[in-house]
Amino acid sequence: MRLGILGGGQLARMMALAAHPLGISCTVLDPSADPCVGAVANVIRGEYDDLQALYQLACVSDFITYEFENVPVECARWLAERVPMFPSPEALEVSQDRIVEKSFFAKLGIPTPAFADVLTRADFDRAVARIGCPAVLKTRRFGYDGKGQFVIRTPDQIEPAWRQLGGRPLILEGFVPFDRELSLLSVRSRTGECRYYPLAENEHRDGMLYRSLSPAAKTGEELFERACDFAERVLTELNYVGVLAIEWFQDGPRLIANEMAPRVHNSGHGTIEGSTCSQFENHVRAVCGLPLGSTAPVGHSALFNLIGHRPDFATLLQLPGTHLHWYGKEPKPRRKVGHVTVVTNTAEERDHSVEELLLRHDFAIR
Ligand code: AMP
């Protein structure tokens with residue numbers, strides 16, 4: 001089988017690595033000269049709206065998927081008319097625009113922060129009056145890793161927020177005083193079977209994922225089941241195929257949806273060693289019409305991103321249970337260049353390993 005992937009970053013790279021043992025070869029479309037997937041997959045160099053490049057990809061693919069959600073929807077549709085594409089372009093469309101996404105959650109009865117659509121200054125003033133402070137002003141589209149966001153903590157920050165972001169389609173969200181951030185990774189097969197990984201607890205710094213622990217401590221069955229129920233509503237509504245990530249704010253017993261990603265997700269990288277079947281393999285299996293693998297954890301995992309700088313590999317790998325994934329990218333400020341996962345038998349051992357890891361390396365975002 002031949003899998004085509006839109007986007008050639010580390011997510012595509014880890015998908016291709018998972019596809020290989022299944023006898024599935026990958027071809028990736030990416031506009032950059034030297035995408036990090038190049039070491040493990042065939043690459044077609046081209047823009048995502050280059051019909052000739054898309055046609056080339058269609059010719060060498062039995063199925064198509066994508067590693068990021070900002071593929072132009074009309075191009076995804078063009079491709080999906082020629083080769084089966086999973087998840088569908090509709091899932092892309094919902095997740096590309098924060099207003100569409102939050103309205104979609106609300107329609108399915110999934111709690112979201114209070115939100116308002118903001119285009120003009122008058123809309124902004126009305127939204128601030130309704131939602132109040134603190135609030136978060138975000139671009140509706142193309143925001144990632146905390147980019148295109150302004151947290152309005154006090155009324156004197158209303159003007160600076162507008163100066164920075166005004167003039168583009170925006171969303172104003174009520175600031176959620178969350179206890180912690182969680183994510184749920186789910187996967188749905190072509191036959192409609194849904195499986196769920198344990199909830200992961202995510203710590204963001206400077207808008208980027210710093211650390212993820214899975215299974216999250218003290219979640220309890222009820223919270224997990226609620227998260228699965230909400231995810232299933234999304235999966236079913238979109239007739240979804242593949243891995244879907246939903247990021248949550250936990251406020252006591254409440255789960256409030258932040259956003260969804262119709263793809264494999266950074267908070268699921270720990271599933272490579274921490275689960276029976278990783279998110280990457282399950283995504284590939286689902287897209288290619290194969291039976292799903294078990295999402296059961298095989299221990300307690302902690303994942304740290306390597307952002308902006310290269311660690312000393314030998315020092316990190318001395319710690320038992322540690323796995324290093326280096327993406328083969330040149331370190332640049334705020335660039336994810338790798339991750340480290342440690343898997344242990346118990347949650348206590350995981351806490352201990354996390355301390356040890358932090359002694360060996362400064363995982364700060366540079
Ligand atoms: P996002 O790009 O929307 O995932 O936002 C990046 C990070 O900003 C989130 O992981 C949260 O830590 C924080 N954040 C975003 N929106 C809100 C909100 N409405 N309330 C509180 N924190 C938020």
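Residue numbers run from 1 in the order of the sequence given. Note that ligands are numbered from 1 as they come in the structure, with each ligand's atoms numbered from 1 the same way.
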Task: Under 3.5 Å side-chain donor-acceptor pair for Arg188 and Asn239 - done: yes

Task: Polar side chain donor-acceptor pair, Glu67 to His283, under 3.5 angstrom - done: no

TODO: In plain terms, say whether Arg77 and Glu93 are close enough for a salt bridge, that is, a side-chain N and a carboxylate O under 4.0 Å apart.
DONE: yes

Task: Check ion pair Glu330-Lys332 (N to O, under 4.0 angstrom) - done: no

Open item on the list: Residues around ligand 1, heavy atom under 4.0 Å from any ligand atom, sorted by chain and number. Can you pull those?
Closed with: Arg98, Val136, Lys138, Gln149, Glu173, Gly174, Phe175, Val176, Phe178, Glu181, His204, Phe249, Asn258, Glu259

Open item on the list: A quick test of your reading: do over 12 heavy atoms of other residues, nucleotides or ligands sit less than 6.0 Å from OH of Tyr55?
Closed with: no

Task: Met14 side chain near His339 side chain, heavy-atom distance below 4.5 Å - done: yes

